[in-house]
Every structure is written in structure tokens, then in C-alpha cells.
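Everything below concerns the one structure shown next.
We name chains A, B, ... by the order of the sequence lines, and we start the count at 1 in each one.
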Number of protein chains: 2
Amino acid sequence: MPRQTRHDRQHSLDQALALFWRKGYHAASLKDLEGALDMRPGSIYASFGSKERLFGEVLARYGRQGLVELERTLAANPSPLGGLADYLRALGGLRDTPRPCHACLLVKTLLELGAQDANARLAQELLDAMEARFTQAFKAAREAGELNEHKANDHSAQQPARLARRYQTMVMGLRAHAERPISAAELHELADDLADDLLSLCARRH
Amino acid sequence: MPRQTRHDRQHSLDQALALFWRKGYHAASLKDLEGALDMRPGSIYASFGSKERLFGEVLARYGRQGLVELERTLAANPSPLGGLADYLRALGGLRDTPRPCHACLLVKTLLELGAQDANARLAQELLDAMEARFTQAFKAAREAGELNEHKANDHSAQQPARLARRYQTMVMGLRAHAERPISAAELHELADDLADDLLSLCARRH
DNA sequence: CTCATTTTTGAGCGATCACTCAAATCAAGG
DNA sequence: CCTTGATTTGAGTGATCGCTCAAAAATGAG
């Protein structure tokens, strides 16, 4: 039988993720990858095909992890709307712990590579998946009676899909903001304010 | 006296802006710039010093234009809060007319270059200037009695500076969203919803 | 026109880019 | 142990990167 590989694929992907997340796709060179993965070019190409395909795998992994994290946060709160507020508040902690980067890799990729690139399209699909999960949560919130009922008709801005889009706008804006050199406390304040706004807008009295 | 230059500096900067805005800093090569500016390398370097410094001038120009546009929108509405809502709604038109890119160049730059880069720091300063202008507008709104008074004390989320930060979060998120392949109508809907949320949050009854 | 001065040109610089492949290395089977 | 076959290596590929500079072109003064 063939010898077993020296490198763990998942671990390599995590190392590549940290590098791409920090430096962006173009600025991360193969020399950088050699260092991050502790692999020589030949091994990298044997394992992943090309820088572009490696980045695609990294994106998919990142997106999957993000969805899992969202799912965990939502599951921890019996109230769907409360769960969404919790998720926003949790993003306020982005600067509490060291990270490769504070902004969302999917948004970074979408902005850096432009809408034509194959990996940017993958990033878009993953953002769509997040938005779909947000929509599902807002639907659950409506069914739980957590939304302002007199506004929740089919033509109002309180539709779950439209709420989800605004919610994602807040998440994207918050994470872009997190990349600016503001303090951890300021970021928490911003995230908490946004969470309060969400609750205020959805559940305010009529 | 010396011969006059064949190229208009401002026009060259506009061409460079379109290129950098569309492709990003790293992906825009000097070959691309030669085409966009209709100048050969020697002329480009004689005029602008380096790709990095040229990009810095482009950023400064973009930031100045953005501030002017904000000022114009705010001046067109006697109500400060209404002006801020108008500015959000106007961003909903980003997909109505062809553009090099729909996202904000300052955010693109901040995310692509990382917080250490000199030009990323310039982008941050320009974002700060925008946020400062937002704060000024919210202060004017408070003085005009357009904010929910019982919440506008010094420790509340209704402080102009905190409102401005949330407002900028919405703008950044909206413009990042604009880079996704959504229709012009959807983008208008999102922008209008965000504008309504802003009015709802600031001026809702108490 | 000639001259003086400045701008513009573009071939070409060294460095680095993503990537290849023949050879060396290593693990498992016999 | 040796053989087998997949894995790993790293020097080297051509292409492109940002950039330079001596020469050519262009302008205004006299």
C-alpha cells in the first residue's frame, strides 16, 4: 500500500485560511503558502491543484464553519429573534481575541476579486446561504409571534426575506467596521447598539 | 519656458480611479495603468512617483468627491435627519447607472491592504471624515428636535457619535451588498428599507 | 529657423509571480 | 532486508511584476 501523507489536509486548509484571510488572495504568494503550510510547491500543487483551487477550498471551509457557528448561536437561544440579536452581539467580540483578520473573508473576497471571478461567485453563494439561514430565523420569529404583527404582511418591509437582507447588511457593515482600528470596547458598543436596534425595529409596540 | 504637458493630471487621476476601483490595487497592473492613462511607464513615474503614491492620490480624490456628494445631499434637504435618509436612499441607485464598481473604494482598500499599509490608513482617515460629517448631521438633527428626546441623553445609544457609527455601518454594508449580483430594484428596496429603519429608530414616538 | 528645456517614450532591468517535473525520499508489503 | 509506489522536494520554467533611464520628441523663447 502507498505511504501515508505527511500533511493533514484539514490542518493545511486551516493554515491557508489564516494566510488568505490576513493578506487577501492576491497578496498571499506561493512563498507565503510554502511557509504557512510547511510544504514545497510540488506538494502544494499535488494536493490542491492550483492557488485558485486551494483558495476555493479555503472559502468553502470558511463558509461551512461560519454556518455552523451561526447555527450554534441560534440553537442556544429559544427565541429566534433573540438568537439573531445574540449573533450580532457575539460579532462585537471580534476584537477580543487575536485573529488573522476581523472582516468577513467572503466579503473581502467578493470585493477583491470582483463578481466575475469563480471564487468570488463561490463567496456569493456562501453569503446567499447565510442570508437564507437568516431568512429562516426571521420566519421562525414571525411564527413565534416575535415580529410586529400589524406590519408583517406580504408587502411590508417586515417580510422575513427583507429583514434578512437588512440584517446581513448590518453584519457585513459591522465586520467591515471591525477592520478599522477601533477598540474592542467600541466594537462591543456598536454591536450591542445594532442588536438593540434590531429588537426595537422588529418587536416594537404598535 | 517649458513645454506644457500633454496629459491633464485630474483626468489621469479619474482614469486611474476607474481602474483601481474596478480591479483593486493589486490586480491593477502597470500595463493596465498604461492603457487607462494612455501614458508610458516613464511618464507615469515622472508624474506620480510610484504606483503606491498614485493610488494614494486616487484615494484622496475619491474621498474628497464622496464628501462633496454627501454635502450636496444633506444641503438639499432642510431636515438633517431627512438628508441622512436621502443619502441612504440615493445609494440604492448604485446599480441604476454603469460604474467601475458598486462597493466603496475606501472599504475595498481597507479590506484589501490591511490596517498596516499607508494607503489603507489614508482610507481609514477618509472614512473617519465621512463619519465625522455623519455625526455633525445627527447633532444638527438633535438640535432640530428630530431625535427621540427622552433617549438622547449622554449615556444612550442615541448619542450623535454612536448614531453616526451605526449609520456608517449601514452605508458600508449597503455598498458591500451592492457588489453582489442583485437587481437594481432589490438594491433600491434595501436602501429604502434602511432609510425607513433610520427614521423609525430616531424619531419613533415615546 | 536654432536653441534650451521639459516631457514622453519604450526597451529592458532585477525581482518575483504561479507553477512544473525529474529525482530523492519515505512508508508499507513481502 | 529489498522492492514497490505514492509523496515530497527544490531548482528551474516562462511570464509578468513595478520600475529606470538614455534617447527621442515636443514646445516656447529668441
Between N or O atoms, less than 3.5 Å apart, protein on one side and nucleotides 12-14 of chain C on the other: list the pairs.
none

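- Look at CG on A:Leu30: it is 19 Å from P on D:dG14, rounded to the nearest Å.
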Please list every donor-acceptor pair under 3.5 Å in which a side-chain atom of residues 39-47 of chain A meets a protein atom from a residue at least two apart or in another chain.
residue	atom	partner	partner atom	Å
A:Arg40	NH2	A:Asp38	O	3.3
A:Arg40	NH2	A:Asp38	OD1	3.0
A:Ser47	OG	A:Ser43	O	3.2

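- Atom CZ of B:Arg40 is separated from atom C1' of D:dA24 by 14 Å (rounded to the nearest Å).
- As rounded to whole Å, 16 Å separates atom C1' of D:dG18 from atom NE2 of A:His26.
- Rounding to whole angstrom units, NE2 of residue A:His7 and C1' of C:dA27 are separated by 15 Å.
- Near DNA chain C, meaning a heavy atom under 4.0 Å away, the residues from residues 44-55 of chain A are A:Tyr45, A:Ser50, A:Lys51.
- Residues satisfying the side-chain contact (heavy atoms from CB on, under 4.5 Å) criterion with B:Ala191, sequence neighbours excluded, are B:Leu174.
- Backbone-only engagement by B:Ser29 is indicated by non-hydrogen atom pairs under 4.0 Å involving sugar-phosphate atoms exclusively.
- Ring geometry, B:Phe134 versus B:Tyr87: the interplanar angle falls from 30° to 60°, so the pair is classed tilted.
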Donor-acceptor contacts, no H, no angles, side chain residues 74-82 of chain A, under 3.5 Å, sequence neighbours left out:
residue	atom	partner	partner atom	Å
A:Asn77	OD1	A:Ser79	N	2.9
A:Asn77	ND2	A:Asp86	OD2	2.7
A:Ser79	OG	A:Leu81	N	3.4
A:Ser79	OG	A:Gly82	N	2.8
A:Ser79	OG	A:Glu146	OE1	3.3
A:Ser79	OG	A:Glu146	OE2	2.5

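- Note on A:Ala28: only backbone sugar-phosphate atoms sit closer than 4.0 angstrom, heavy atoms only; bases stay farther off.
- Note on the helix from C:dC1-D:dG30 to C:dG30-D:dC1: terminal axis deviation equals 0°, with five pairs used at each end and the result rounded to 10°.
- Classified by interplanar angle (parallel below 30°, tilted 30° to 60°, perpendicular above 60°), the ring pair B:Tyr167/B:Phe138 is perpendicular.
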